[in-house]
Each structure stands twice: as structure tokens, then as C-alpha cells.
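Here the structure comes first, spelled out in C-alpha cells, and everything after it is commentary.
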Amino acid sequence: MGATYREFKGLNLPAFEQEMLENWASQQAFEKSISLREGATPFVFYEGPPSANGMPGIHHVISRTLKDLVCRYKTMKGFQVKRKGGWDTHGLPIELGVEKELGITKEDIGKKITVEEYNKKCREAVLRYKDKWDDITRKMGYWVDLKDPYITFRNEYIETLWWILSELYKKGLLYESVSIQPYSPAAGTGLSSHELNQPGTYKDVKDTSAVAMFKAVDNAKSKFLFDAAGDDQVFFLAWTTTPWTLPSNLGLTVGANIDYVLVKTFNPYTHLPVNVILAKALLGKYFKEEGKDGDFEGYNEKIKLLPWKILTEFRGSQIEECRYEQLLPYEANSAANAGGDPFRVLVDTFVTTEDGTGIVHTAPAFGADDYKVGKKYSIGILTMVDRQGKFVDGLGEFSGRYVKNYKDQKDYEDVNVDIAVKLKKENRAFKVEKYEHNYPHCWRTDKPILYYPLDAWFIKTTAVRDRMVELNKTINWKPKSTGEGRFGNWLENMVDWNLSRSRYWGTPLPIWRTEDGAEEICIGSVAELNEGIRKASDVLGGDVNKNHLHEGILDLHKPFVDEIVLVSPSGKPMHRVPDLIDVWFDSGAMPYAQWHFPFENKEIFEKSFPADYIAEGVDQTRGWFYTLHALAVMLFDSVAYKTCVSNGLVLDKNGNKMSKRLGNVVDPFTTIENYGADATRWYLVTNASPWENMKFDIEGIREVQRKFFGTLYNTYQFFALYANVDGFTFKEKYIPVAERPEIDRWILSSLQSLVKKVTVHMDDYEPTQAGRAIEDFVDEHLSNWYVRLCRRRFWKGEYEQDKICAYQTLYECLETVCRLVAPVSPFFSDMVFRNLNAATGRFNAESIHHIDFPSADESVIDPLLEERMQLAQDTSSLVLSLRKKVNIKVRQPLQKVLIPVLNPAMQEQLQKVEDLIKAEVNVKGIEYLDAGNSFISKKIKPNFVALGKKLGAKMKAVSALLANFTQEDIASLEKQGYYDLDVAGEIVRIETAETEISSEDIPGWTVAAKGVLTVALDITVTPDLEAEGNARELVNRIQKIRKDNGFGISDRIDLKLHAPDILKESLAQFKDYICAEILAETIEWVPASETGTDIEVNDIPLKINVLKKG
RNA sequence: AGAUCCGUAGCUCAGCCUGGUUAGAGCACUACACUGAUAAUGUAGGGGUCAGCAGUUCAAAUCUGCUCGGGUCUACCA
């Protein structure tokens, strides 16, 4: 006896996986999957580097499953897919983690701990959970090269970043500018957008808001206003929720096309007559309709209703360049200090009339929009608040006061209120009220942030915006909306990339400049820096760079780079600007930096750029997806990736985001340990399209395990059991499919159709559809139809043609399904494949991951065959439901079923699967009633698609007429091929093809119907049928006893039986059948007195003795 | 505030692109069968205002618009 198929003892996915992992490791299966494809077309994949300073979560498992399954699939499709792993090691989260651990804050760095020590801590912390990550990578079956990963803190990596920066610098795309950034005075630090987007940073708060009155200056520009007012008091109304910015006010911004009005009224606080300007659309916010053109003469402070009157109306563009008197003048905020030409009316597009007054108080220091418009008009800038968050000196009574309660002072008095009070007293406030709005807070101190001007370095991404948009259109986004909507939109509205971070642990910006800022240099390589180090030492002398002269610079991080002094062409010392760069630059530069390009690996880089495929969470859209794209466009005028799959979030089963805080995170380790990586991966892929948010529920994995893997497992076990008995090892010649039985040709046709479908979906990056198709095949077709119907073929009869056909067919199905499943669930598929291949040696390969993905054999696909098998399945299902209805069990044979056929083709189809149906539902024969048979009653309904187009509005009437058709009408239509209907006096001719006729009923029979298929069952049980039923019942009981006693399936038995005469008679009639079924030589009839097991056959008691032979 | 995805049975999802008259599947539940694959399987049953409103159409879960609810990203508003 040759090799045998390994039979499992139970479905234990985690144990199988453990075994496979050991095999993979000892055989170097992953490495081989790549080396075996040496010379093949590369398929380029980029691994988005995870940060190993946090534990991996289940959401990492989904994105990595997506990465892995595509790489495995492409490998099986014949590509060589190298996957270099990587680690993201810089950035704020790491620093914050270290600070928390050491119990220090940012301010302590350089004081309580040196920068060198601090960065050393960061370097240690960064790969803290690397073991855990490696572990989950291995256990989940993610094949990625972790032996030689790129690590972003390495000098080589940083050197490439510097090279890129210097390239951008040369192209004039790297520049320094002031920018208004979120800043936390309480924490004394600028905040990154990441920090600002921590949950809970935006809070609804009530602030004192004020509508301030800015007094217009009477000059040529504004003359028309004063003329209209007939007064020397004209005010611009501007609203603010941050009155503390008013001392820094330098402009008022209006919309060019917004309509404004000059209104005569009274100040509600001082009751003095005033003329105010505001947007027409916002009049209703400040004035009641009843007060319009009201009683000015009779107004006094007791009267609540303000009278008002529109004096004139004009566009914003008409008041551009009007001037006004400074609202809160002090020594510190003079126009001279502002350094521009302030206190003018400006025009810009960001002004709306949604709230406020349509005139925007503009303080360039404290708002991004303000800064932009201020620069456009050169109104200068005033920063009347220091970095601690308090007013600077020279602001009178406000100097030294905190603009918000940053120091948790118990007796803190809101300076905003005081400013409002002052304005009220001075006839400069028109409306003061508490206003509730959403305002960002520092996540660490819980204090409101403010927007503050800080120096920063930018990459001028806006210069290549159009090209980025254009190239984006060539990227295959999954789903499309991410690329077109979310990403495309983001590109359209892009601003320059703010690179600066004032932190410690990150890539230093390689720019050195002289103290006066007149000369600067951007270093592009370590060699260039080392050369500069020596040169500066030579030129400047002394101790300059003395620690770095010998070996050059050894670590490109702080504080070492900051020790380096370079020398300018004019001989002046240059120091590095202190900024670090955004970590997103690190990851966006990964295509180049992972290869230390252009210093090394030029050829490798050229072959691996751009990527064919990347995949990450959709939250990376503005992160990695963006930075990859931006850098590729700026450096090489190319996309960085051709296909991008963005997966959605993994939510908990209630739809909430998983977070440590809520304690609803799913631990991937225990999940995989309990249910297996295969089931987990299969669940994640098939449950929902990857880009939809997924509600993660352990129950779903359990279901996958039971239903999909359980079925596959059972099918394999079934095959192995009998193949081992018969010694089938595929050594016989492959029997041409055409020579195999109908059912074999059918399952093979379905199999090839499946291969075709799965290939299309996989090529389209739709693994969910592929997985669902496979599931459907395994469950519906393979297990519940093919195996079920063919069971007997495997264990009955001799080892000859039909049996070999069955084995070859089932083997091919199992083998092919495994190959289809392999990319998604790599363990179990490999396991089963190896078990199969060990016996047959069909493939000269160690692992399923080293062979090709199946390609569909079109010649085997027979659509008509698949269609008629569907007919057989439907028919069987209907007959079974009829049996149920009249309570006749399937083991009781029945005489016949009756099927009305609507056309000869249908009959032909049914006849070909007649035997299957008969066997499946245990009937002796099938009779067909042809179309002309008047015995059947038919029903008719319109073919809505066809008739709807033709009839349009008459559809309803025709539908009603058809519903009333008699049997004669239908017969007439069928005979003539058309029928003339009278629709409200108009003759409408309908044709047979425009209707759907089906049989409804067969008088005197119990019928069931599904679609056009109707079946009727003859439920008469004749004595012969009853006897046969008894025989089958007995067989069933004996088989159960055999099994209960643990007999082998081929053990032969002796049977002793005592039965009442009525039963004895019918059993004797089927003696041969019974003996053959239960593997007995003969039935020995014994008297009642003998011992034995009591059983019942159709409610008749009998005694039975089953003994194993020999 | 903008962009985007989602909303169909108790739960997880199909169907929507391309409109067609009984809206499906699995799980769960109930009942009955079946049992040489048994951590299975079959049949039947209950369970739906297809988030809501309006429009287009002979016909809307499906197309359009608006609203509501949920998620994510981005922005932050004087």
C-alpha cells in the first residue's frame, strides 16, 4: 500500500497553524516563495511601517491580511513579490510615551535630563513591542521580510531624507515662513494636528463675545458714508469670540460681493445715537423688524426696542481701503510697532454672513486667515500676548493678565469680560453676550489653545498641486471614493506642508545658517556634512567640531547635529536651525529611504518604484497616502503607488471605535490562539468589504470556523477516509472530464466557473467577493450536493471507473479550492494541500504557496449543465418540502413526481438529471406534462421589463386585464402567439414573449412551485413501496448499530433477526438489498426467545443481533 | 463647517451601478426530519413602514433632492 492521506482527529485550527508555522520556518517557505520566482516580473509592494511602541491590535490584523493576501495571490500568479518590512520610529507618540514613563514634561528636557539621554530613552522605547509585533506577524501568517527591515531612525535612512530635503531645497520648494499654529500656552508648546485631533480636544464652551464698534475715519474713501449719515460718527461693527485679540487688531475684513448697510440707530448700552455698518443679511440678528424706521425722537434708555433706519446700501468692495481709528490704543500696539500700514478695511473671500456682522475683526497673529489677508495688505502684525498666554507690557490695565485661566488661578477674572466692559463704557460695544461654540483644547492640560505665530519650515506642495491632482487620477483606488472624494478633495484644497516640529526625537532639518540669516545651506549627505565639519574647523579654528573631526558625525540626531558648526562662504559660522521634521516625511520617503537611495541600491530602487500596491487604513489618506504621493510627484513627477486599498476601521460589535479607554479593544493574540488566524482572516475578509467599517464580533469568527472550515474539513476527511481504504493516489490516468458522469462534469464545471470568478475578483482587489464565492461553492455545491449525492460512489462497489472518476473529481475540487483559499487563509489550505500532495505527488512543491494559482479551464465550463443541476436542486427541494407537508419520510420510496414543462428544452434539461432527482428524493420515476396539456391550470403575469417599455402608462390597465385572464385566454395567447387586449377602447396587442406563463396547479395533486418550476408528488404508498420502505428503515437501524459498536466501514457482519410476520415478509422480499447495504452474508431468522437489541421499524418492534465477522 | 462611507429581519450582510410587482442569505429562535461526512445537514415557521420626507416614473430598497442618525477624515470660524 502506497502513501496515505493523513486523517485529522478533529478540527483544531490553532494546532494546525502551529504545525504549519514550524514547517514554514524549517523549510523557509516564505523565502522560497520569493526565490522560486527569481527572474519573474516583480510585483512591487510597500509596507507602511507600523510604530512598535504600542501593542498591535485587531485593526492591524485586517490591514495586514489585505496586504498579505494580495502579495500571496500575486506570487501564485507568477510574480516575484518582495516585501521589505519596516518600522516607524520617530515622532510625538514615542516622545510622549517616554515622558510619561519618566514622569517629566517637555520643559524638563535639557534640564532634568539631557537631550542625549532623552533620545537614548526614545531609541530604546521605540522597538519596545517589536517582539510582540514580530509575534503577531508570524502568528497571523503575514509574510513580510523582518530580517532586514528599514528603520527610520537609522543614519542611512535619515541620510536619504536629507538628500530629498536638499533636492527640494534646490528646487526652491523648501522655505521658512511664519505660520499661525495651534499653541498651548499652558503647556508652552505648539501642538501638532495629531494632538489637536485627540478625542475630546474640541469642547463646547461659553465665551464672552463682543460686537465691537470701530470708528471710521472721514476721508475721500469714506466720504459717501459720512454724507449719508449726516454725522461725524460712523462705526464698523465686527464680532469676536476672543476679545483678548482686540488689542492686536490691525484690520477689518469684508467680502467684496457682500451687501452692507449703513444703519442709523442707538447704542443699546450708552443710548447714544450712532451710525453703524454691517452686512445686510445679518440685520435681523441685531435689529427687530418692529423697530424699523421707528421713533427716533421718543427713544430713551427705558425703551427696549431700538429704532433703526437704513441710510444707504453698498458692496464690500466699495469700502475697501476705508480707514478707522484703533479700538484699544496703548503704547505697545502702535501702528509703528505693527510694522505696516494698519487699521484699514480689507477684502477677502473667507468672509461669510453666517454669523457675526459680515465684517471680520482681523488680528494677523491669532488666525490663519487673518495672517494671510494681513500679509496681502501689509498691515503688519501685533502679538500682544506672550507665550505664557498673558498680555505683554505696555497695554495699560491689561498688561500681565492671562487671556484665559492658564494657571488655574482661583480668583481669575476673565479679562475678556473686562475688555467688553471697557468697550461698553467707551461707546465701542454694540452687543456683548455669552456665546457657546466649539473650541480646541490642549489634550494634556485641558486648557484652551490659541493660535499663535511661530516660525516654521514648509514644503511648497501647492506648487505641484495640479500635477498631484492629475497623477492621482491614474491611481487605482479601492474604493474609488477614497481617491476621488476624500483624497482628491484634499489635494484640491491643499496647503503647503508644514514640516517643522519643535521636538527632540526625530529627523533633524539639515539646514545651517548664519546668525543674521543671510547665508544658509541645506546639507544633502553625510559626506557633505563631514566635509563641512572639517572645513569649519579649519576656517574657524578653536574647538569647533572637535568631537566630530576624527570619525565624522556618528549619529544624525539631536543633540549631536546641533553641536556641528559649519562655515559660510563668507567665513561666518553657521548653526543648525533647531527644527525637526514631521514624521510623516519619514514614512512618505520610504520608497527611497528603505534602499538608502541614491547612495546605494540604485538598480533595486529603480525596479521597485513606483509600487504596484499599497494598503492601509483609510485614516492614512491624509497621512501616508498623501506624503508618498507628494514626494513622488515632487521628486520624480510620478505616482508612488498604482493601486491603493484603504480599509475601514474595525469597530467593536456595537459599532463603537475600539479604544483602550473604553476597554473594548480586541486582543489579536487571544483571538488567534482561540480561533486560529485562518478563521480570523477569513472572517475579516468575507464579512464586509474591507473599506467599510467592520463591526468585529467573535461570534462571526466562530461561525466561519464552524461553517466554512468545518465543511471543508469534513469534505477532506470524507475523501481521506475512503481514498485510504481504496488506495486512491491519483496514479490512474486522468479520466477526461467528458467521460465522467454528469454530476462529476457538473461539479468540475462549477469549479472552473468559480476559478474564473475568483480570479476576476482578486484581480480587481475585491477579496470579499472572491471569498464569498468560494464559501458558496464549498457549502452549497461541493458539500451539500456533490458529496451528499455521491457518498455511495465512494464506499459502494469495486474500485473501478466510476469510483475513480469520483475520487479524481473530488480530489481536484479539494486541491483547487485550497489553491483558491490559500491567499486569504494560508495555513489550513497549505495543510490540506500538503496532505493531498503527499499521497499523490501531483505537484513538485513543498507548499501551496509555491505553486500557481489555478487558471480556469473554459472547456470544462458547461452553462447548460450548471443550469440543469440547479433545476435538479430546486426540484429536489420542492419534493422534500412536499414530503414534509404530508409527513412521508424520505426513506419511504414513492412512485413518481409530475412536472409540467413549459417547453421542450426544459424537459430535456430535466431528463438529463432525472436519476439524480430520483435518488435524492427517493421516487421511482418522473413524468412530464407538456405545454399543451390542458390538465394543468396556468397563470399569467406581464413581463414587466418588456411590456413596461412598450406600454408605459398603459401598464397598469394591462396588468389588471392579465390578472383576470381565464385558462382559455391563456391557451388562446399561447396558440396564436399574441392576444389583442381592449384597453379603454384601444386595442393593444401583446405577444407571448411579453408575458410570463407558469403552471399553477395540478388538480388532485399536492404541488409546490418555485419560479417557473412546479412539481407534484404521487403520495400513494403501495404495499410494495411500503415493504421497500421497511427494508430501508431496517438498513438504517443496522447501520446505526454498526457505527455505535465502532465497526470499521468495511467490516462484514452476521445478522440475526426476529420480526413479526408482516415485517418479515417485506424484509425477506428485499433480503439481497439489505445484505448488500449492511455487508452481511445473509439474514438469519431466529425465534423470539433469543437475546438481542430491541429496535423499531416503522413502529413495529423487532429484535436484532449484529455480530462482527471473524 | 466641508468631504466621504454607512443606515435593508434580533445580529452580520446580499440586492442598488443597469428601476419591474412575493426584498434574499447566514446566524440566532421554534418545530419536525435526516444521520457510515456528525463541532454537520434538510424542511418548515415566526421575524422587514428597505432610516424619514419629497420628487422623477406606468412602476422606486434601487434614480434625484432634502432631512435625520452613525462612523471616519479634514478644518476651525471672526
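In the text below, chain A, chain B and the rest are named by the order of the sequence lines, each starting its count at 1.
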How many Å lie between [atom1] on [X] and [atom2] on [N], as a whole number?
X: A/R792; N: B/U35; atom1: CZ; atom2: C1'; result: 14 Å
X: A/L782; N: B/A37; atom1: CG; atom2: C1'; result: 11 Å
X: A/N922; N: B/G42; atom1: CG; atom2: P; result: 19 Å
X: A/I1041; N: B/U35; atom1: CD1; atom2: P; result: 14 Å
X: A/Q769; N: B/G15; atom1: CD; atom2: C1'; result: 11 Å
X: A/I701; N: B/C11; atom1: CD1; atom2: C1'; result: 16 Å
X: A/Y626; N: B/U72; atom1: OH; atom2: P; result: 23 Å
X: A/I698; N: B/U12; atom1: CD1; atom2: P; result: 15 Å

Original post:
Quick one: does A/S783 reach the base of B/A37 with a side-chain donor-acceptor pair under 3.5 Å?
Top reply: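 It does, because a donor-acceptor pair links the side chain of A/S783 to the base of B/A37 below 3.5 Å.
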
Going by salt bridge (Lys or Arg N to Asp or Glu O under 4.0 Å), name the residues that satisfy it together with [X], two or more places apart in sequence or in a different chain.
X: A/D764; answer: A/K478
X: A/R791; answer: none
X: A/E775; answer: none
X: A/R706; answer: none

Original post:
Can you list the residues that meet the side-chain hydrogen bond (donor to acceptor under 3.5 Å, both in side chains) rule with A/Q181, with sequence neighbours excluded?
Top reply: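 A/Q181: side-chain hydrogen bond (donor to acceptor under 3.5 Å, both in side chains) contacts with A/S179.
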
Original post:
What closest approach, in Å, do A/T715 and A/S783 show between heavy atoms, and which atom pair accounts for it?
Top reply: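 The answer is OG1-CB, 4.1 Å.
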
Original post:
Quick one: does A/I258's side chain get under 4.5 Å of A/Y260's, heavy atoms only?
Top reply: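 They are in contact (side-chain heavy atoms under 4.5 Å apart), so the answer is yes.
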
Original post:
Any side-chain heavy-atom pair from A/F696 and A/N687 closer than 4.5 angstrom?
Top reply: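 Answer no - side chains too far apart.
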
Distance, [atom1] atom - from [M] to [N], rounded to whole angstrom:
N: B/U43; M: B/G26; atom1: P; value: 9 Å
N: B/C77; M: B/U4; atom1: P; value: 24 Å
N: B/G45; M: B/A54; atom1: C1'; value: 38 Å
N: B/G7; M: B/C50; atom1: P; value: 14 Å
N: B/C6; M: B/A39; atom1: P; value: 40 Å
N: B/G71; M: B/G48; atom1: P; value: 27 Å
N: B/G20; M: B/U67; atom1: P; value: 28 Å
N: B/U64; M: B/C5; atom1: P; value: 12 Å

Can you see if the side chain of [X] gets near the phosphate of [N] - specifically, an N or O under 4.0 Å from OP1 or OP2?
X: A/S959; N: B/C58; result: no
X: A/N943; N: B/G20; result: no
X: A/T711; N: B/A40; result: no
X: A/N687; N: B/C13; result: yes

I'd like a table of atom pairs between the protein and nucleotides 6-9 of chain B - only N or O on both sides, under 3.5 Å - with the distance next to each one.
none

Original post:
Under 4.0 angstrom, heavy atoms only, what part of the nucleic acid is A/L11 near: base, sugar-phosphate, or nothing?
Top reply: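 Counting heavy atoms under 4.0 Å across all strands, the contact made by A/L11 includes a base.
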
Original post:
NA contact type, A/T362, heavy-atom cut-off 4.0 Å: base, sugar-phosphate, or nothing?
Top reply: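 Contact class for A/T362: none.
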
For the side chain of [X], starting at C-beta, report the closest nucleotide among [options].
X: A/N714; options: B/C77, B/A78, B/A37; result: B/A37
X: A/R772; options: B/C13, B/U41, B/A78; result: B/C13
X: A/Y722; options: B/G20, B/A37, B/U43; result: B/A37
X: A/F718; options: B/A37, B/U43, B/A78; result: B/A37
X: A/V351; options: B/A78, B/A37, B/C58; result: B/A78

Subject >> Watson-Crick and G-U pairing of RNA chain B, under 3.5 Å, as dot-bracket with | and [ ] >> reply: (((((((..((((......[...)))).(((((.......))))).....(((((..]....))))))))))))....

**OP:** Kindly write out the residues that satisfy side-chain contact (heavy atoms from CB on, under 4.5 Å) with A/Q705, not counting sequence neighbours, or none if the list is empty.
**Re:**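 side-chain contact (heavy atoms from CB on, under 4.5 Å) list for A/Q705, sorted by chain: A/L13, A/Y675, A/A679.
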
**OP:** By nearest nucleotide on RNA chain B, pick out whichever of A/I1038 and A/T245 is the more 5' one.
**Re:**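 The residue mapped nearer the 5' terminus is A/I1038.
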
**OP:** Assign each of A/V945 and A/Y786 to its nearest nucleotide of RNA chain B by heavy atoms, then name whichever residue's nucleotide is nearer the 5' end.
**Re:**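 Result: A/V945.
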
**OP:** Sugar-phosphate atoms are those with a prime plus P, OP1 and OP2; base atoms are the rest. Using that split, label each nucleotide of nucleotides 25-34 of chain B B, S or - for protein heavy atoms under 4.0 Å, 5' to 3'.
**Re:** -SSS---B-S

Going by ring-ring contact (aromatic ring centres under 6.0 Å, His included), name the residues that satisfy it together with [X], two or more places apart in sequence or in a different chain.
X: A/Y713; result: A/F8
X: A/Y811; result: A/F719, A/F730
X: A/Y626; result: A/W490

**OP:** Answer yes if the ring centres of A/W682 and A/F828 are under 6.0 angstrom apart, and no otherwise.
**Re:**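 Judged by ring-centre distance (under 6.0 Å), A/W682 and A/F828 do not meet the cut-off.
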
Subject >> ring pair (Phe, Tyr, Trp, His ring centres under 6.0 Å) partner of A/F366, chosen from A/W244, A/Y183, A/Y451 >> reply: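 So the option named by the test is A/W244.
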
